[in-house]
Structure formats: C-alpha cells, structure tokens
Amino acid sequence: MYAIVRTFAAYKARSIKLTSTLIWVGLWLSMVVVIVQPEVANRIADVVGVGRGADVIVYVAIVVMAYMLYRLFVRIEQLERSITILTRAQALKDADSNNRSDTHR
Amino acid sequence: MSISIVIPAYNEERTIVKVLNDLRNNGYTNIIVVDDGSTDATALKASPFALVLHHIINRGMGAALATGTQYALATDAQCIVHFDADGQHRAEDIKKLIDPITSGAVDVVLGSRYLSVARIPFTKRYFIHAPARLLQYIITGVALTDVHNGLRALSRDAAIRIQITQDRMAHATEIISEIARCHLRYTEVSVTIVYYSYGQGLLGGVRILRDLIIKRFIR
C-alpha cells in the first residue's frame with residue numbers, strides 16, 4: 001500500500017510517466033494479490049503446468065527482473081553517449097574561444 | 001594536402017613530449033592532442049607543441065578520437081591520421097599511411113604490425129590476436145591482419161562518413177564496421193609498433209566484445 005501511494009505521488013510530482021505509473025502500480029497490486037491470496041499463484045501454476053504456486057512466482061520474478069536489468073543497461077549506455085556528446089561540445093567550444101584569444105599559430 | 005594528426009591522450013605525460021617531437025621532426029605540424037580528462041600534466045606538456053582539446057570528463061579513446069577528428073574536419077584537414085600518445089607508434093610510418101590517400105587510391109589506410117617480420121610477444125600473437133582477427137571478421141565482414149592498431153589514416157570523405165559512437169576501446173572494431181558499411185576503399189600498410197608494455201590484455205578484449213554487443217541494442 002505504501003508503495004502504491006508513493007508511486008502515485010511520484011506521478012503527481014511528474015517524476016515518472018503515466019505508463020510507468022500504471023506498470024509499477026500494477027506490479028504492487030499483483031504482489032498484494034499473491035500475498036493475500038496465495039491460491040492465485042497455485043492456480044496459475046496448474047494452468048501453465050509448473051510445480052507449485054511458489055515456483056510460478058519465482059519464474060515470473062526472474063523474467064521480470066531480467067527484463068528490467070536489460071532496460072537499465074540500455075538506459076545507462078544512452079546516458080554515457082549523452083555525456084560524451086556534452087563533453088565533446090564543451091571541448092570544441094573551449095577550443096574555439098581559445099583560438100579567438102590566441103595571437104599566434 | 002592538409003594533414004592533421006589526432007592524438008587521444010589520457011595521462012601520458014611521460015611520453016607525450018617525445019611523441020610530439022617525433023612528429024614535428026618528421027614535418028607534421030598540424031597536431032591535435034585530445035586531453036581525455038587527464039589528471040596529470042599531459043595537457044600542460046603538450047600545449048607548446050600542439051593544439052590541445054580538453055575533455056572535462058574522461059570518455060575513452062574512441063570518444064577522444066571522434067572529438068579530435070571532428071575538430072580536424074572543421075579546420076579543413078584533407079587527411080586525418082590517428083596516432084597514439086604512448087610512444088608505440090613511429091612518426092616515420094605516417095608517410096606510408098598517407099601516400100595511398102593522397103594518390104587517391106583508397107579512402108582509409110590501416111597500419112598493420114603483422115605485414116612484415118616483427119618481434120611480437122608470442123602469447124599475444126597466437127592466443128590473443130588470432131582469435132581476435134577471426135572475431136572481427138565475423139562481426140564486421142572485413143578480414144585484416146591487424147585488428148587493433150591505433151595507427152590509421154582517413155581521407156576527409158572517410159572521416160566525415162565514419163561515425164565513431166563507441167567511446168571506449170571498441171572503437172577500433174567499430175571503425176572497421178563503418179568502413180564496410182560505407183563501402184570505403186581501404187588497405188593495410190606495414191608499420192612498426194614499439195612495445196614497452198602489454199597493451200589491452202585479455203580482460204580488455206572481453207570488454208570490447210561486450211561493448212559491441214550492447215551497441216546492437218542501442219539505436
């Protein structure tokens with residue numbers, strides 16, 4: 001419940017987008033459901049053909065977390081590229097202003 | 001033809017002056033040193049002898065080369081040479097690199113330490129370089145004798161079309177990919193590498209592979 005409230009607060013404060021909000025709230029809600037009604041997991045397990053409800057939870061958690069990690073890696077790489085672009089722009093700008101004040105070369 | 005030498009440098013105060021003098025003694029005066037966030041006196045020592053660009057934050061050799069190359073293009077360089085700051089390259093080899101470009105025969109000239117008989121550490125040659133060459137052929141479709149040589153010359157057109165987005169050491173392989181993508185004419189010439197230390201090492205190679213795989217996911 002705490003997490004759900006925090007998520008909505010972040011959305012209000014414009015820290016995260018609508019889709020992200022819905023995804024995270026969905027995640028918290030499904031966690032609540034599974035904790036309150038463990039039977040849900042067992043029924044899914046039977047449908048899918050896996051051992052126990054607890055197994056389903058673990059498998060799903062692994063897949064979800066693996067995907068989140070992948071997205072994080074991609075984001076970090078994009079950030080690195082942005083930093084390089086900024087560093088390069090600064091370097092070229094500095095060179096330009098140095099050249100203007102140089103009297104020889 | 002206006003020739004610019006681009007030297008990416010990170011904490012190379014011990015060798016940078018020697019390298020710059022070597023270049024100037026061979027008649028190359030358009031030298032651009034890219035100080036990639038060095039914490040030592042590299043920039044200070046280089047500034048009397050070359051134009052120094054400053055990366056405030058260390059971004060990696062690929063990024064430094066891209067910055068220097070971009071600056072060289074802005075100053076109307078017709079031919080751009082990439083040269084290392086650690087003294088492993090010899091300025092006298094540059095002539096062999098730019099001749100095929102000035103004559104218009106090719107767009108890119110790559111230095112190779114394997115084209116002539118050379119004293120290369122045994123383990124490096126067979127255990128590191130041979131698999132690396134095979135890997136590079138698989139990734140880029142280009143078969144070279146030397147896959148990780150920082151000594152190369154680009155025509156102006158090649159320098160404009162080649163996009164270096166790999167900041168760290170994977171840029172060497174990326175440049176080869178770009179050559180293939182842009183259908184540039186290339187050749188290898190024999191150069192001499194002066195060895196003091198071991199270079200990238202095995203872990204470095206693994207990191208390069210990782211970077212290139214990640215690149216496939218970024219657009």
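Just so you know, these numbers come straight off a predicted model, no measurement behind them. Chain naming here is simple, since letters A, B, ... match the order of the sequence lines and numbering starts at 1 in each.
- Note that CG of A/Asp94 is 6.0 Å distant from CD1 of B/Ile56, once rounded to the nearest 0.5 Å.
- At a 4.5 Å heavy-atom cutoff, the contact between B/His54 and chain A is made by backbone atoms alone.
- Annotation: the span from A/Ile85 atom CD1 to B/Thr165 atom OG1 amounts to 10.0 Å, rounded to 0.5 Å.
- For the set B/Val52, B/Leu53, B/Asp167, the count of heavy-atom pairs under 4.5 angstrom toward chain A peaks at B/Asp167.
- Residues that satisfy the side chain to side chain donor-acceptor pair (under 3.5 Å) test with A/Glu80, not counting sequence neighbours, are B/Arg59.
- Between A/Arg88 and B/His55, the shortest heavy-atom contact is CA-NE2, 4.3 Å.
- Here CG of B/Asn58 is found 9.5 Å from OG1 of A/Thr84. Values are rounded to the nearest 0.5 Å.
- Residues satisfying the salt bridge (Lys or Arg N to Asp or Glu O under 4.0 Å) test with B/Asp40, not counting sequence neighbours, are none.
- In this structure, chain A has heavy atoms under 4.5 Å from both the backbone and the side chain of B/Ala66.
- What you find for A/Ile83 and B/Ile57 is that their closest heavy atoms are CG2-CD1, 4.2 Å.
- At most 12 non-hydrogen atoms from other residues, nucleotides or ligands lie less than 6.0 angstrom from CZ of B/Arg14.
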